[in-house]
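Step one of this worksheet: look at the structure below.
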Amino acid sequence: MVLSRRSFLKGLALTTSIAALSSLGCNLLIPSRASASIEKMEKTTKVFRSACAPNCWQSCRLYVHVFEDKLVKTEMAPMPNRRYDRICLRGLSHVQRVYDPNRLKYPLKRVGKRGEGKWVRISWDEAINTIAQKLLKVKEKYGSSAVMFATLSGNYGLVNGSFCGAMKLFANIFQGTVVEGGVDSALPLGLSQVIANIPGGSSAFFGANEAVDIADNTRLIIMWGSNFTESQIQNWHFVADALENGAKMVSIDPRMSVVAAKSDIWLKPRPGSDPALALSMIYTILNEELYDRKFVLERTVAPFLVRLDNGLFLREKDIKENGSNNYVVYDEATDAPTVFEKAMPPALFGKYVINGILCKTALQLLWEEASKYKPENAEALTEVPANEVQEVARLYATRKPACILAGFGVDRWDNGYLTGRALATLAALTGNIGRPGAMVGGPYGGSALIAALSESWRWVTPSGTEAHTLNPLLAYDAIAYGYVERYVPSDPADPLKGTISKDPIPTPYTIKAAVISCTNFVNSYPNQKWIEKLFSEENLEFIVVIEQKMNDTAMFADIVLPATTWFENDDLMGGLHPYLMIQERAIKPLYECKSDWDIFKMLAEKMGFGQYFQGSEADHRERILAALKEVYGEEKIKRFKEEGVVRLSKEPYIGYEDGKYPTQTGRLEFYSERVILNYPWAYPALGISVTMGVNPLPYFESPKEAWVENPLTKKYPLTLIQQHSKWRVHSQWYEVPWLRELDPEPFVEMNPRDAEARGIKNGDVVNVFNDRGWVRARAKLNPSLRPGLINMDKGWQKRQFAAGSYNELTPAHKNPITLNCSFFDTLVEVQKA
Amino acid sequence: MVRYGLVIDLDRCIGCQTCAIACKLENNVSLGNWWNRVLTVGGSMIDTSSGSYPNTSIFYLPITCQHCDNAPCVKACPVSGTYRREEDGTVQLRIERCVGCRYCMAACPYGVRVFNWAEPKHLPEHGTGYQGVVKDEGWIIYSPERPKGVVEKCTLCIHRITDGQEPFCVAMCPARARFFGDLDDPNSKVSKLVKERSGVRLLEELGTQPKTYYLPPKRGKQSFTNLYEAFVKHVESTLTSIISTSSDISLKAIASATLKRVLQRG
């Protein structure tokens with residue numbers, strides 16, 4: 001008997017007993033007594049150890065409760081340092097993703113036109129046979145690199161996931177093309193230009209201090225373009241602790257985010273003007289002599305003399321016969337140039353003629369560049385009042401140690417890397433780096449993920465062959481036009497001779513088939529209509545998508561393979577925190593779903609290289625642990641096996657505390673002899689020499705599209721950004737009922753003044769459009785938005801909009817330095833539908 | 001005596017809704033129902049601010065059963081369903097006794113009780129969270145069943161707190177903004193926070209003696225009293241819906257009286 005209203009009415013007569021709760025399965029209840037009056041009847045659940053694996057950076061360790069082979073609960077699990085215990089609304093709603101009725105359950109074959117959504121169920125045998133045949137055919141016809149293996153960040157698992165999982169292994173053996181990245185890379189590149197600009201560097205964003213350090217040590221937090229309380233919920237408590245410990249907080253954001261509302265000071269720059277704002281602060285710090293003189297002398301290129309004839313640093317050999325390659329400074333005591341080590345002390349500013357070569361110190365050049373952005377002048381660009389800029393600059397230089405927690409609100413712009421360069425320069429001038437409580441970037445130093453990935457070559461290239469790696473924006477061109485634009489070095493032996501040209505040149509590259517896993521490619525990259533064209537039959541002969549749901553990307557597949565969720569897998573993952581965590585299989589794969597490991601193992605066996613996919617996921621996990629043991633030692637791996645979690649990095653982790661920076665000069669380079677590039681195929685090892693005319697300093701360049709001087713603003717006056725909201729992680733969790741009860745549909749968030757000017761009221765259906773595409777959704781009026789700025793939360797699928805899709809509007813600009821998608825550099829207009 | 005209560009720090013709270021979802025998960029709450037909510041104190045829609053750019057303001061107010069020492073719902077219940085547990089001061093419901101009259105909902109000035117109008121819907125269908133039943137002196141006061149025709153609310157996770165655990169929403173709060181403990185123990189964390197941070201309660205003037213304390217925000221532009229706008233709006237809509245949808249004159253009368261008291265704060 002299941003409880004019904006009637007049975008409860010009977011309860012009035014005091015007749016209902018525990019037996020009424022039949023659906024609980026009373027025979028499984030274990031009675032216990034908690035107090036005199038309380039009695040409990042409990043069922044025993046099994047608890048497994050796992051971790052939440054999407055790309056929100058928070059990497060929460062989970063306990064997974066299973067009853068009768070069914071997942072009933074996920075919850076926060078303890079970390080070795082309990083301060084890292086973490087969870088969020090998404091980590092608590094996994095049950096609804098695992099048992100989502102719309103999960104893909106069986107392999108499907110397309111029967112209608114591509115993208116039309118007509119499918120028939122097929123067997124795994126048929127699916128694997130077809131895929132193997134098609135891939136071999138494309139390989140024979142165009143070469144193996146014509147098969148792109150697209151992935152991004154949908155799964156952090158090391159066995160099954162994006163970064164070094166089964167598909168990468170397969171792609172390396174197959175020697176295909178791995179397409180990944182193109183996001184989250186402009187700001188990190190800019191920071192790395194100053195802090196870590198040699199090959200293997202480029203890591204400054206994720207190499208700063210660990211999160212707990214903020215709580216204990218920092219006295220000032222600058223949230224720069226960071227929607228911290230929305231997109232980094234799990235680290236907020238560290239910031240809250242810091243504030244309770246007396247730290248002050250500044251937010252720099254055109255939107256009044258919740259974290260801005262909680263800040264002591266809120267600066268509201270014009271969107272995309274951040275490099276100019278940072279230069280204004282640099283000017284103020286130099287002008288008021290607030291820089292850390294000792295730090296600047298010892299740790300930065302500030303005193304190095306720069307030749308004005310070619311932009312390179314002056315070396316001893318330039319001024320002395322048989323001189324060394326050592327950098328030259330100007331010794332104030334002897335009034336003469338000398339190598340740095342001998343100067344007592346070197347001049348920080350000044351212009352000198354040395355052996356007929358006109359030189360200035362690097363700091364002098366920075367000062368001159370920053371002088372173009374005096375706060376009172378930069379106001380025209382940034383719309384931030386001069387006194388507010390000065391106040392924040394003074395605070396940053398004096399209230400030490402200080403952190404700049406930079407967010408990707410400033411990354412998704414064509415000029416995103418310039419913000420990174422300027423922010424790292426601010427840290428370099430004030431010494432706010434490499435000390436407890438002082439850092440610039442994200443609070444993710446000591447990450448176990450990055451530690452594991454740096455060793456992944458040990459298990460991801462078993463055949464000794466490797467796939468090419470291609471940026472997605474370059475892949476767009478390869479698919480559409482059969483070429484990619486790449487930099488070609490004239491003399492790899494001497495990078496300072498620069499590249500063939502300052503700009504990349506087209507080189508033939510063919511892509512004819514796609515295997516896609518752990519990325520919702522069609523939904524998550526810019527210019528969705530263009531992607532849909534790229535994914536048409538005339539461009540790609542074959543597409544296979546491994547997915548949990550029929551999302552925007554799976555819709556374009558010829559064959560869809562149903563993937564397991566994280567709780568159906570055996571895996572392990574490193575967090576963007578210091579802990580490596582086990583993921584135990586808690587439930588058997590549902591329906592006919594398979595893990596990436598099992599899928600690529602079947603495919604490898606079919607194609608004749610099954611020897612590289614020996615055993616199960618758990619066996620592969622053992623291989624990864626064996627490889628990590630070589631680096632981190634037996635003790636750590638033993639502890640991992642016992643406890644399911646272990647810290648890999650030193651504790652505490654303070655990024656760059658040894659004062660060693662992986663740069664050309666070994667110093668913080670706000671002046672660089674060459675500008676690094678982001679991706680393989682663009683030769684990051686070389687970079688572009690300053691002799692080719694690139695700017696060696698942080699500088700301001702306006703955004704490519706969404707900028708006041710662009711005539712297009714007359715037609716499309718509004719700038720569209722995409723908040724990474726708490727409701728999804730990128731496009732995951734898009735159809736979870738509990739979350740949809742609070743966030744039921746996509747909205748176009750806009751300031752009431754912009755709405756009023758267009759006759760739009762709260763809840764009205766509106767069209768958002770530009771020359772690239774359009775989308776239809778309801779308006780949500782919110783005065784937190786700066787007039788002129790509108791927001792659509794990221795991650796909704798196309799069919800969740802009344803029409804169109806939000807990424808139809810975004811540009812696929814290619815900034816040749818960053819090759820980073822500039823999602824926010826987007827102009828649109830809004831009209832009532 | 002032990003008097004369990006909650007303390008919520010409104011400076012640490014960021015409106016992430018983790019507590020609200022945690023509650024749904026742990027207590028197998030039906031789709032569409034919320035025992036634990038986070039109200040936006042700002043504009044009319046969730047996560048929007050009030051004011052005019054750049055002079056805008058937003059913060060959040062989590063609300064659930066306040067476990068009043070002098071609970072109007074207990075007095076309103078005609079069948080001794082809802083009661084205050086002497087052992088710990090929590091307000092519980094003897095599920096089997098509930099007749100679905102909703103008088104408790106009409107009497108509650110916090111709008112935190114929910115009614116199962118229909119057979120419950122769950123995803124996953126096999127249910128979620130705690131797998132057990134709790135009885136107090138033989139009466140079921142927690143069960144994962146969510147039967148039609150019954151009023152429900154936060155039990156302060158009676159199944160957890162009687163085992164020495166914190167309520168799930170407290171244990172899961174990523175912001176460390178929620179605290180649970182014995183308000184009668186002057187050395188408990190909750191008592192100290194209330195004292196040191198001048199904790200305040202909602203509608204204290206009604207004499208309900210609620211046991212949820214809020215630490216008023218020092219950050220942001222709004223004073224604590226401003227949060228009443230959002231809170232009263234929520235209570236008003238809950239009570240108005242009872243008044244407008246019921247044909248039971250007594251129920252309407254109780255709800256109207258409660259609404260009047262809430263609006264007049266006394």
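Each chain gets a letter, A, B and so on, in the order the sequences are listed, and its residues count up from 1.
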Rounded to the nearest 0.5 Å, what separation is found between the [atom1] atom of [X] and the [atom2] atom of [Y]?
X	Y	atom1	atom2	answer
B:Q131	A:E68	CD	CD	9.0 Å
B:C16	A:Q234	SG	CD	8.0 Å
A:E741	B:N33	CD	CG	8.5 Å
A:H65	B:T128	NE2	OG1	11.5 Å
A:C60	B:M172	SG	CE	10.5 Å
A:I38	B:Q92	CD1	CD	7.0 Å

Taking every non-hydrogen atom, the tightest pair across [X] and [Y]:
X	Y	answer
A:I87	B:P174	O-CB, 3.2 Å
B:D9	A:E244	OD2-OE2, 3.6 Å
B:A22	A:L92	CB-CD1, 3.5 Å
A:S37	B:R85	OG-NH1, 3.2 Å

In terms of heavy-atom proximity below 4.5 Å to chain B, should [X] be classed as side chain, backbone, both, or neither?
X	value
A:L71	backbone
A:S263	backbone
A:Q58	neither
A:W738	both
A:F238	neither
A:N235	neither

Side chain [X], main chain [Y], donor-acceptor under 3.5 Å:
X	Y	answer
B:R12	A:H237	yes
B:T18	A:L89	yes
A:R753	B:Y53	yes
A:E42	B:G132	no
A:K40	B:H159	yes
B:R176	A:R83	yes
B:S49	A:S784	yes

With a 4.5 Å cut-off on heavy-atom pairs, point out which of [options] contacts chain A the most.
options	value
B:V29, B:N116, B:N28, B:L123	B:L123
B:G43, B:S52, B:P54, B:S44	B:P54
B:G32, B:G127, B:G138	B:G32
B:V134, B:D11, B:L25	B:L25

Quiz prompt | Member of A:N762, A:N782, A:L785 meeting the side-chain contact (heavy atoms from CB on, under 4.5 Å) criterion with B:T48 | solution = A:N782
Self-check item: Ring-face cation contact, B:Y130 with A:K43, 6.0 Å cut, 45° max
Solution: no
Exercise. Can you sort out the partners of A:K726 under side-chain hydrogen bond (donor to acceptor under 3.5 Å, both in side chains), two or more places apart, ordered by chain and number?
Key: B:D47
Quiz item: What do the steps show when you test A:L781 against B:M45 for side-chain contact (heavy atoms from CB on, under 4.5 Å), and what is the final call?
Solution: CA-CA 8 Å; A:L781 305 195; B:M45 291 176 82; over 6 Å; no
Quiz item: Under a 4.5 Å cut-off applied to non-hydrogen side-chain atoms, are B:T56 and A:R255 in contact?
Solution: no
Quiz prompt | Aromatic ring proximity A:F67/B:H126, centre distance under 6.0 Å | solution = no
